[in-house]
Engineer: 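Sending over a structure as structure tokens; questions will come in a sec.
Count residues from 1 along the sequence. This one's a predicted model, so the numbers in the text were calculated from it and none came from an experiment.
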Amino acid sequence: EENVQRFREGIHAAELICTRHGYYGDTYGHILGVQAIERQLAGDKQGARKYYERALRYFKRGSRGSVATMIPYGALLKELEEFDAAATVLIEAVGSATDARHRCCAHLELGRLCRAQGELTDAEGELLCALRIARRHGFHDELGDIVRELARLSADLGEHGIAERSYAVA
């Protein structure tokens, strides 16, 4: 609890410095992105959405910061069942990502979105793409998430064992 309070105070201090000196660049975008995540974790999805949208205005289009913000923003839009908006954001994140981890996470979220919409073939393609990236770069945390998502997809498809086969092939 004490660490959370210090974190909030640090974010607030950084926000004051940025606004007082008229600096509204990537740093301010990162601050707003962190505040969006904090709101999302607290269950305030509409508040989080506003912070994500504000944050994205401060990043250069296609920058690392914008891609890092688009991924959880797309996931939030999926949770709000705004599938078309989520798809637009996540497709842009996949196309703009220059960092392998961001590209992997964007494909993972896009696969989750496709699965939520019942587009199971597209979901499998996105998840396999994420799996290849994760294996190539040794992203162990993402590997676990991807394999779990492939297992859920295999249950949806009624093809038990797709996750194991996919992991062996990728």
Engineer: Please test V94 against L90 for side chain to side chain contact (heavy atoms under 4.5 Å, CB included), starting from the C-alpha separation and ending with a verdict.
Structural biologist: CA-CA 6 Å; V94 166; L90 291 171; 5.6 Å; no
Engineer: Would you name the heavy atoms of F139 and R101 that are closest together and state the gap between them?
Structural biologist: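 In this case the closest contact between F139 and R101 is CD2-NH2, 3.1 Å.
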Engineer: Does the distance from a Lys or Arg side-chain N to an Asp or Glu carboxylate O, for K50 and E53, drop under 4.0 Å?
Structural biologist: no
Engineer: Quick one: do L120 and L127 end up in the same hydrophobic cluster if we chain Ile, Leu, Val, Met, Phe, Trp and Tyr together by side-chain heavy atoms under 4.5 Å apart?
Structural biologist: yes
Engineer: Determine the minimum heavy-atom distance between A97 and R103, stating which atoms define it.
Structural biologist: O-NH1, 3.4 Å
Engineer: Using the rule given for side chain to side chain contact (heavy atoms under 4.5 Å, CB included), can you reason through C104 versus I146, listing the C-alpha separation, both sets of side-chain angles and the distance that settles it, and then say yes or no?
Structural biologist: CA-CA 10 Å; C104 177; I146 295 162; 3.9 Å; yes
Engineer: Should L131 and L157 be counted in the same cluster of Ile, Leu, Val, Met, Phe, Trp and Tyr side chains packed under 4.5 Å apart?
Structural biologist: yes
Engineer: To check you understand the geometry: which heavy-atom pair defines the closest contact between A48 and A36, and what is its length?
Structural biologist: CB-O, 3.3 Å
Engineer: Regarding Q40 and Y51, do their side chains bring together a donor and an acceptor under 3.5 Å, going by distance alone?
Structural biologist: no
Engineer: So, T69 side chain and G65 main chain: donor-acceptor pair closer than 3.5 Å or not?
Structural biologist: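 Yes, the answer is positive, given that a donor and an acceptor are paired below the 3.5 Å cut-off.
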Engineer: Can you hop from L41 to L32 via hydrophobic side chains spaced under 4.5 Å?
Structural biologist: no
Engineer: List the atom of A55, the atom of G33, and the distance in Å for their closest heavy-atom pair.
Structural biologist: CB-N, 3.7 Å
Engineer: To the nearest 0.5 Å, tell me how far D145 CG sits from R148 CZ.
Structural biologist: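 Between atom CG of D145 and atom CZ of R148 there are 4.5 Å.
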Engineer: Out of curiosity, R49 CZ to D44 CG, how far, rounded to the nearest 0.5 Å?
Structural biologist: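 Rounded to the nearest 0.5 Å, the CZ-CG separation comes out at 12.5 Å.
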Engineer: What's the separation between atom CD1 in I133 and atom CG in L108, rounded to the nearest 0.5 Å?
Structural biologist: 10.5 Å
Engineer: Working to the nearest 0.5 angstrom, can you tell me the gap between E92 CD and M70 CE?
Structural biologist: 4.5 Å
Engineer: Please report the closest heavy-atom contact between A151 and S154, naming both atoms and the distance.
Structural biologist: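 Of all heavy-atom pairs spanning A151 and S154, the closest is O-OG, 2.7 Å.
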Engineer: Check K45 against L76 and note the closest heavy-atom contact, atom names and distance.
Structural biologist: O-CD2, 3.6 Å
Engineer: What distance do L150 atom CG and E124 atom CD have between them, rounded to the nearest 0.5 Å?
Structural biologist: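 With rounding to 0.5 Å, CG (L150) is 7.5 Å from CD (E124).
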Engineer: Any chain of hydrophobic side-chain contacts (each under 4.5 Å) joining V67 to V89?
Structural biologist: yes
Engineer: For S63, does its backbone N or O pair with a side-chain atom of S66 as donor and acceptor, under 3.5 Å?
Structural biologist: yes
Engineer: Tell me, do H30 and F59 make a side-chain contact under 4.5 Å, heavy atoms counted?
Structural biologist: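 Side-chain contact under 4.5 Å: yes.
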Engineer: Could R112 and E126 be called an ion pair, given the rule that one side-chain N must be under 4.0 Å from one carboxylate O?
Structural biologist: no
Engineer: State the CG-OH distance between L56 and Y73, to the nearest 0.5 angstrom.
Structural biologist: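 It comes to 7.0 Å.
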Engineer: Would a hydrophobic clustering, with Ile, Leu, Val, Met, Phe, Trp and Tyr connected at side-chain separations under 4.5 Å, put L113 with L128?
Structural biologist: no
Engineer: Show your working on side chain to side chain contact (heavy atoms under 4.5 Å, CB included) between L77 and Y52 and close with a plain yes or no.
Structural biologist: CA-CA 11 Å; L77 291 171; Y52 281 128; over 6 Å; no
Engineer: I'd like to check S96 versus R61 (side-chain heavy atoms, cut-off strictly below 4.5 Å). Are they in contact?
Structural biologist: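 Heavy-atom side-chain distance check fails, nothing below 4.5 Å.
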